There are 2 protein chains.
Amino acid sequence: MNKDIGWELYRSFLGVMQEGSLSAAARALGSTQPTIGRHIAELERVLNITLFIRTQGGLTPTDAANALLLPASEMANIAAAMERVTSRHGDDIQGTVRVTTSDVIGIEILPTIFADIAERFPNIHLELALSDKVQDLLSREADIAIRMFRPKQTQLIARRIGNIGVGFFAHTCYLTKHGTPSTLADLEAHRLIGFDRLTDYIRSVAKKLPFPLEKDSFVLRTDSNVAQLALIRAGAGIGLCQIGLAERDKSLVRLLAEDFCFEMDTWVTMHEDLRKSPACKTVFRELVAGLQGYVY
Amino acid sequence: MNKDIGWELYRSFLGVMQEGSLSAAARALGSTQPTIGRHIAELERVLNITLFIRTQGGLTPTDAANALLLPASEMANIAAAMERVTSRHGDDIQGTVRVTTSDVIGIEILPTIFADIAERFPNIHLELALSDKVQDLLSREADIAIRMFRPKQTQLIARRIGNIGVGFFAHTCYLTKHGTPSTLADLEAHRLIGFDRLTDYIRSVAKKLPFPLEKDSFVLRTDSNVAQLALIRAGAGIGLCQIGLAERDKSLVRLLAEDFCFEMDTWVTMHEDLRKSPACKTVFRELVAGLQGYVY
DNA sequence: GAGTGGCTATACATTTTTGTATGAATAAAG
DNA sequence: CTTTATTCATACAAAAATGTATAGCCACTC
């Protein structure tokens with residue numbers, strides 16, 4: 001039963017899946033193309049299955065290979081987490097801590113907090129991963145996550161920060177050209193900046209509007225909140241933005257403040273195993289403190 | 001940042017953690033003691049940390065090593081899952097499926113169902129893991145789980161089987177010697193067979209009894225339901241048992257059937273990824289069908 | 001107190017794995 | 001059509017990892 005497959009083979013496999021060719025994988029893994037090629041060949045031999053169709057431009061994964069991609073990535077996540085774990089063993093506050101959050105928070109809010117942490121705890125190395133994936137913590141892709149909902153898993157320590165308000169904003173340039181909407185219904189005639197995919201978040205927002213919100217309602221669509229903010233700043237239209245964020249920019253105007261408000265519950269979460277790590281505990285505490293200054 | 005630690009090193013590390021010595025790990029992994037020793041030494045070198053204290057009787061793990069044990073086990077689970085995944089690729093019903101459930105179910109109920117599946121689908125290889133851990137499915141320790149509660153994770157497919165009734169039972173031998181209790185309160189004076197640790201399950205049972213249930217209330221304690229059943233069969237005392245199970249044995253008598261009944265919600269669950277695997281789908285379906293015959 | 005069985009650590013030969021160099025084939029760009 | 005830059009596959013040499021054998025240590029047992 002036990003085929004005793006060396007884990008190195010999976011590492012090479014993942015490299016090829018991610019890079020698309022033996023050569024590229026070899027570069028990424030700091031190995032050479034013949035070596036990776038042999039690893040794949042051996043993996044195919046022991047699993048008795050064809051993983052890739054060799055083409056001149058690289059390797060094309062088969063269905064079987066695609067089925068292995070997810071578990072192989074998980075292995076990689078865990079391996080990366082293990083490196084982090086060891087770096088922070090000891091009683092002093094040091095080591096690498098990996099934080100994940102949405103792109104806006106990561107780009108607009110965290111930098112100052114990170115800078116502060118880096119200043120006061122020079123031995124803590126911080127990593128920032130921007131992603132909205134829920135699974136991040138459980139699959140060890142990060143040590144600490146800042147999310148807009150309360151985590152359900154009991155293995156996670158969660159600390160509520162408070163509500164982040166979201167409102168409609170537009171640049172003054174846009175408003176002078178296109179006028180200022182005075183009711184929610186007016187919005188329908190404006191250039192709206194919104195999301196590409198309909199997420200839970202955007203569905204909740206839609207409920208508060210007097211007109212149906214479809215994909216086509218948005219003139220400009222992007223899933224990146226940062227890009228949305230950039231579009232608003234560029235005067236491209238009216239969009240949703242976190243209030244605390246938008247108010248930093250004097251030329252952005254809050255619209256329909258009385259009629260529309262949307263609040264996002266904000267939580268900082270961490271795997272309970274990490275309580276023992278002084279570095280993680282410190283970053284967790286500092287993040288909570290730093291974010292509490294931002295939330296009102 | 002990236003230390004490029006070979007995954008083979010983690011495999012050897014896990015072997016040493018599980019076996020307790022380099023030599024034993026070498027045997028388990030099909031390698032040799034010097035090789036494993038070198039792997040551990042290299043892992044300690046690249047992580048720059050002491051993982052084991054060498055003693056004459058083997059290696060003693062340090063705190064750092066203990067912190068790495070969990071992730072290393074997860075890697076092993078995933079690696080094992082990958083071997084299973086590949087074995088069942090293709091359109092025909094074949095491959096290895098790993099099922100986990102509690103010990104009673106696994107020992108008393110599943111064997112006949114397994115025998116039936118094995119008969120009708122000779123190309124399916126079945127594995128059975130007895131454990132009560134909730135995490136089993138998510139950490140890929142098994143493909144299908146039979147559990148006494150509805151799973152909360154959305155990534156899991158769950159099918160409710162129904163209620164399994166639990167009641168008090170005793171062997172006729174015991175009753176002739178010690179008498180038959182006629183009320184729940186009478187139980188307190190009897191030799192009760194129960195659990196070593198207070199789990200949620202036993203706490204729910206306790207609520208239905210007229211006297212407080214402490215650890216000391218049980219004369220005979222074991223966490224294994226199978227062992228409890230064996231004790232009941234041996235006439236050692238009065239204990240809880242699944243009704244359908246106990247009734248197979250003519251010399252076991254149901255006690256206080258009117259006064260006490262406890263029902264366990266039974267679910268068969270599977271990772272949603274596995275829907276594509278004909279083998280997993282088949283076993284899932286057969287388990288549901290087979291268990292429905294057992295539940296009333 | 002000699003013997004036995006467990007362990008780790010080390011020296012050395014061997015095997016295995018890896019890297020270098022090269023060839024062949026394809027695709028895009030001049 | 002040629003050049004250039006990819007890719008994978010193969011041959012051979014170099015390097016690295018492994019296995020064998022052995023020594024040393026400790027705890028038990030007889």
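Model, not experiment: these values are computed from the prediction. Proteins get letters first, then strands, A, B, ... in listed order; numbering begins at 1 in each.
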Tell me the interatomic distance from [X], atom [atom1], to [N], atom [atom2], rounded to whole angstroms.
{"X": "Leu59(A)", "N": "dT26(C)", "atom1": "CG", "atom2": "P", "answer": "16 Å"}
{"X": "Ile36(A)", "N": "dT20(C)", "atom1": "CD1", "atom2": "P", "answer": "13 Å"}
{"X": "Arg45(A)", "N": "dT16(C)", "atom1": "CZ", "atom2": "P", "answer": "12 Å"}
{"X": "Ile53(B)", "N": "dC7(C)", "atom1": "CD1", "atom2": "P", "answer": "18 Å"}
{"X": "Ile40(A)", "N": "dT17(C)", "atom1": "CD1", "atom2": "P", "answer": "15 Å"}
{"X": "Leu9(B)", "N": "dA17(D)", "atom1": "CG", "atom2": "C1'", "answer": "12 Å"}
{"X": "Leu51(B)", "N": "dT8(C)", "atom1": "CG", "atom2": "C1'", "answer": "16 Å"}
{"X": "Glu8(A)", "N": "dA17(D)", "atom1": "CD", "atom2": "C1'", "answer": "12 Å"}

Side chains of Ser12(A) and His39(A): is there a donor and an acceptor less than 3.5 Å apart?
->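 A pair is found: one side chain offers a donor N or O, the other an acceptor, under 3.5 Å apart.
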
Taking for each residue the nucleotide of DNA chain C bearing the nearest heavy atom, is the 5' side occupied by Pro34(B) or by Arg27(B)?
->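 That would be Arg27(B).
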
Contact nearer the 5' end of DNA chain C, comparing Arg38(B) with Ala24(B) |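 Its nearest nucleotide lies further toward 5', so the answer is Ala24(B).
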
It should be established whether [X] places a side-chain nitrogen or oxygen under 4.0 Å from OP1 or OP2 of nucleotide [N].
{"X": "Ser31(A)", "N": "dT18(C)", "answer": "no"}
{"X": "Thr32(B)", "N": "dT18(D)", "answer": "no"}
{"X": "Ser21(A)", "N": "dT7(D)", "answer": "yes"}
{"X": "Ser23(A)", "N": "dC8(D)", "answer": "yes"}
{"X": "His39(A)", "N": "dT17(C)", "answer": "no"}
{"X": "Arg54(B)", "N": "dA9(C)", "answer": "yes"}

Using heavy atoms to find the nearest nucleotide of DNA chain D for Glu42(B) and Gln33(B) separately, return the residue whose nucleotide is more 5′.
->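 Nearest nucleotide further toward 5': that of Glu42(B).
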
Heavy-atom side-chain contact between Arg98(B) and Ile144(B) under 4.5 Å =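 Not in contact.
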
Name all residues meeting the salt bridge (charged side-chain N to carboxylate O under 4.0 Å, His left out) criterion together with Arg54(A); count only those two or more places apart in sequence or in a different chain, and write none if there are none.
->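 If we apply the salt bridge (charged side-chain N to carboxylate O under 4.0 Å, His left out) test to Arg54(A), skipping adjacent residues, the hits are Glu44(A).
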
Using atom types as modelled and distance alone, determine if a side-chain donor or acceptor of Thr100(B) lies under 3.5 Å from a backbone N or O of Ala129(B).
->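 Such a contact is found between Thr100(B) side chain and Ala129(B) backbone.
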
Candidates Asp143(A), Leu110(A), Ile105(A) - the one meeting side chain to side chain contact (heavy atoms under 4.5 Å, CB included) with Val99(A) |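 Answer after filtering Asp143(A), Leu110(A), Ile105(A): Leu110(A).
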
